[in-house]
Amino acid sequence: MKRKVKQLLLTAAGIALLILVVSSFVILVFFPDMLPSASKTQNEASKELFAMDTYITMTAYGRDAETALTEAADKLAALEQLWSVTDPNSDIYAVNHGEGHPIRVSEETSELVSFALQMAEETNGALEPTIYPVLSAWGFTTEEHRVPSETEIAELLGNVGYERVRLEGDTVQLDNGMMLDLGAIGKGYAGDLVAQVVQENGSTSALLNFGGNIQAIGTKPDGSRWRLGLRDPFTGGTLGVLEISNMAVVTSGNYERYFIGEDGKQYGHIIDPATGYPAESGLVSVTIVAGEGRLCDALSTSLFVMGLDKAAEYWKQHPDFEMILITEDGEIDLTEGIADAFTLDSYHSNMRVNVIEYE
């Protein structure tokens, strides 16, 4: 089955009621007061907090919306305590400092590790949950950035390899020197669990923004789809509008978290596990739309590492998500299932858009 790419030029006219959600990768901020007036007839609750190293905003509608968000915040705090790499009381910290011994973890942690290993296998290691030692060497975990030597990277890669993670029931075991970091999927998985809490408390309309990891529950109160502004990675402005309902959206790119080395080169935070260096795949931004936040989170990182062609082939083999890819040369490649839901704004109307289709 060969890839068929349709060249389209999309235009946008009169973008109204744009919901922008501020993010490290997706730019977009949610303004509840911009919703249709019909929404004001429902109980509305909002909550802001800082967790998982990012700012989080949650807005929900329904009779018990306030309770739903309070319990959602409690759930989020509990998950952060389980998955923090630096908290000595967390499951992940215990596993990383277990000196090769099996460590008993919570059900949520074992499920997260299981999913990470599954996605690592499916992406042939493009998603690598044991990349933490290399990431730390570059300073992306401490903000003390530097360019490691080739020798140091080669040595650290000796402690990287998802195949060597042993998960049996509720115990996780690593070889001594290996370390887990589930940051590439942790926020997405947390979003799924928090969304479940919100829905269990009766809210069928909510928008959860986990620092750019978006969980949209149902539709807006008036029944229309949520409108998200997608960031232009080149200018920082809004590229266009994506309309969704009851879906998760996650964007990854190396244009937010990076540093300039002494050699004058820009180094981004998404590491290619095959080389130990920041990924240079020809992509600057990857947006994933799917029913689960954890899947979006895992794929936004791994497909960025893969690059355009391999990402397109992966989608054809796993058609349970949609994607929008932006290349270094300023073109947009998006899958056919999301083409009608994405509209470029007028400023970017002349950008070349390629629709990835099945034959």
Side-chain angles (χ1 to χ4, degrees), residues 1-16 18-21 25-28 122-123 126 212 214 216 224-235 237-255 279 281-293 295-359:
M1 178 168 53
K2 297 182 179 179
R3 176 185 177 205
K4 179 181 179 182
V5 179
K6 182 188 298 180
Q7 309 291 345
L8 293 182
L9 289 178
L10 301 184
T11 60
I15 297 177
L18 174 63
I19 296 176
L20 294 174
V21 182
F25 302 123
V26 186
I27 210 184
L28 321 175
E122 288 187 6
T123 61
I214 308 302
S224 63
R225 291 185 294 180
W226 302 100
R227 293 166 60 84
L228 308 177
L230 191 65
R231 180 173 188 171
D232 180 350
F234 301 107
T235 68
T238 303
L239 183 68
V241 176
L242 177 65
E243 298 186 55
I244 62 167
S245 60
N246 210 39
M247 301 290 282
V249 181
V250 175
T251 298
S252 290
N254 265 340
Y255 54 88
S281 64
L283 298 175
V284 294
S285 174
V286 174
T287 297
I288 305 296
V289 182
E292 292 184 328
L295 180 62
C296 293
D297 224 357
L299 290 179
S300 66
T301 300
S302 54
L303 298 189
F304 185 94
V305 171
M306 289 184 192
L308 174 59
D309 292 339
K310 289 183 179 179
E313 289 304 316
Y314 184 91
W315 172 74
K316 291 177 181 179
Q317 297 170 16
H318 306 82
D320 54 348
F321 70 96
E322 304 294 339
M323 63 183 182
I324 302 173
L325 312 178
I326 303 176
T327 64
E328 289 178 345
D329 57 7
E331 292 190 7
I332 300 173
D333 289 73
L334 73 171
T335 50
E336 59 182 347
I338 204 70
D340 292 339
F342 178 67
T343 307
L344 287 171
D345 71 9
S346 57
Y347 182 80
H348 297 88
S349 61
N350 290 325
M351 285 186 71
R352 184 170 180 173
V353 178
N354 309 312
V355 179
I356 305 172
E357 299 179 322
Y358 290 108
E359 282 194 347

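Numbers here are sequence positions counted from 1. These values consider heavy atoms only, across backbone and side chains, with no hydrogens, waters or symmetry-generated copies.
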Please find the pair of heavy atoms, one from Glu331 and one from Asn354, that lie closest to each other, and give the distance. OE1-ND2, 2.9 Å

Give a yes or no on this: more than 12 heavy atoms of other residues, nucleotides or ligands lie within 6.0 Å of atom OH of Tyr347. no

Interatomic spacing from CD1 in Ile338 to CZ in Phe321 - rounded to 0.5 Å: 11.5 Å

Answer yes or no: is there a donor N or O on one side and an acceptor on the other, between the side chain of Thr335 and the main chain of Met323, under 3.5 Å? yes

Decide yes or no for Thr251 and Val286: does some side-chain heavy atom of the first lie under 4.5 Å from some side-chain heavy atom of the second? no

Closest contact, heavy atoms only, Glu322 versus Gly337: OE1-N, 3.3 Å

Spacing of CG belonging to Asp232 relative to CE belonging to Met351, to within rounding of 0.5 Å: 6.5 Å

First locate atom CE of Met306, then atom CG of Leu283, and finally report the distance between them rounded to the nearest 0.5 Å. 11.0 Å

side-chain contact (heavy atoms from CB on, under 4.5 Å) between Leu344 and Ile332, worked out: CA-CA 10 Å; Leu344 287 171; Ile332 300 173; 3.6 Å; yes

Would you say the side chain of Trp226 lies within less than 4.5 Å of the side chain of Ile214, judging by non-hydrogen atoms? no

Of all the heavy-atom pairs spanning Val289 and Cys296, show the shortest one and how long it is. C-SG, 4.0 Å

Atom pair CD1 (Ile326) and CG (Leu239), whose distance is rounded to the nearest 0.5 Å: 5.0 Å

Measuring only between side-chain heavy atoms, which start at C-beta, is Leu295 closer than 4.5 Å to Ile288? no

Has Ser281 got a side-chain atom pairing as donor or acceptor with Phe304's backbone, closer than 3.5 angstrom? yes

Report the distance from atom CD1 of Ile356 to atom CG of Leu308, rounding to the nearest 0.5 Å. 6.0 Å

To the nearest 0.5 Å, tell me how far Trp315 CH2 sits from Leu325 CG. 11.0 Å

I'd like to know whether Glu328 forms a side-chain contact (heavy atoms from CB on, under 4.5 Å) with Val284, so could you lay out the CA-CA distance, the side-chain angles of the two residues, the decisive distance to 0.1 Å, and finally the verdict. CA-CA 6 Å; Glu328 289 178 345; Val284 294; 3.7 Å; yes

For Tyr314 and Leu299, what are the C-alpha separation, side-chain angles and deciding distance, and is it a side-chain contact (heavy atoms from CB on, under 4.5 Å)? CA-CA 10 Å; Tyr314 184 91; Leu299 290 179; 3.5 Å; yes

For Ala290 and Asp320 the tightest heavy-atom approach is CB-O, 4.0 Å

Shortest non-hydrogen contact from Lys316 toward Glu357: CE-O, 3.7 Å

